[in-house]
Amino acid sequence: MSQTPEYVWVAYGKDRARLPIAVADTAGELAALVGATRNTVESLASKYRKKKIPWSRYQRVKIAG
């Protein structure tokens, strides 16, 4: 039986609405979906969490539950 991941990786659109455009279980899977590298996804999400940048297109989101 598979276990639900505690976090998912989300890519948001670049437009003003910033709606989610892709969701994946891992940073690598998300990178493949949006045509980025895993390093880019993880790096931007980390910089956002550490408040080094004000917003990131890629974020790791905790699943409520």
Side-chain angles (χ1 to χ4, degrees):
M1 191 179 294
S2 69
Q3 192 176 21
T4 305
E6 190 173 334
Y7 292 91
V8 293
W9 289 85
V10 181
Y12 294 95
K14 295 178 182 179
D15 60 348
R16 186 178 170 128
R18 294 182 177 164
L19 296 173
I21 59 169
V23 178
D25 289 336
T26 67
E29 289 174 6
L30 183 64
L33 288 172
V34 297
T37 64
R38 189 192 79 205
N39 185 54
T40 296
V41 171
E42 290 177 342
S43 176
L44 288 173
S46 175
K47 287 177 183 179
Y48 174 72
R49 280 193 308 273
K50 294 177 182 179
K51 301 191 186 313
K52 292 183 177 184
I53 58 175
W55 185 79
S56 172
R57 180 175 183 203
Y58 310 108
Q59 295 178 19
R60 189 176 73 159
V61 179
K62 186 172 182 161
I63 298 173

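Values reported hereafter were calculated over all heavy atoms of this structure, with side chains retained and with hydrogens, waters and symmetry mates removed.
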Inset, instruction - Examine Ile63 and Val61 and state if one hydrophobic cluster contains both, with Ile, Leu, Val, Met, Phe, Trp and Tyr joined whenever side-chain heavy atoms are less than 4.5 Å apart. - result: yes
Inset, instruction - Please answer: with hydrophobic residues joined when any side-chain heavy atoms are less than 4.5 Å apart, are Ile21 and Val10 in the same cluster? - result: no
N/O donor to acceptor pairs below 3.5 angstrom from side-chain atoms of residues 29-47, sequence neighbours left out:
from, atom 1, to, atom 2, distance (Å)
Glu29, OE1, Asp25, N, 3.3
Thr37, OG1, Thr40, N, 3.1
Thr37, OG1, Thr40, OG1, 2.8

Inset, instruction - Please name all residues satisfying side chain to side chain contact (heavy atoms under 4.5 Å, CB included) with Lys14, sequence neighbours left out, ordered by chain then number. - result: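 Partners of Lys14 under the side chain to side chain contact (heavy atoms under 4.5 Å, CB included) test: Arg57.
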Inset, instruction - Grab the two heavy atoms, one from Ser56 and one from Tyr12, that are nearest each other, plus how far apart they are. - result: O-CD1, 4.4 Å
Legend entry - Within 6.0 angstrom of Tyr48 OH, more than 12 heavy atoms from elsewhere: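 Atom OH in Tyr48 is not packed in, count stays at 12 or less.
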Legend entry - Tyr7 six-ring face occupied by Arg60 cation (under 6.0 Å, within 45°):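 Satisfied, under 6.0 Å and within 45°.
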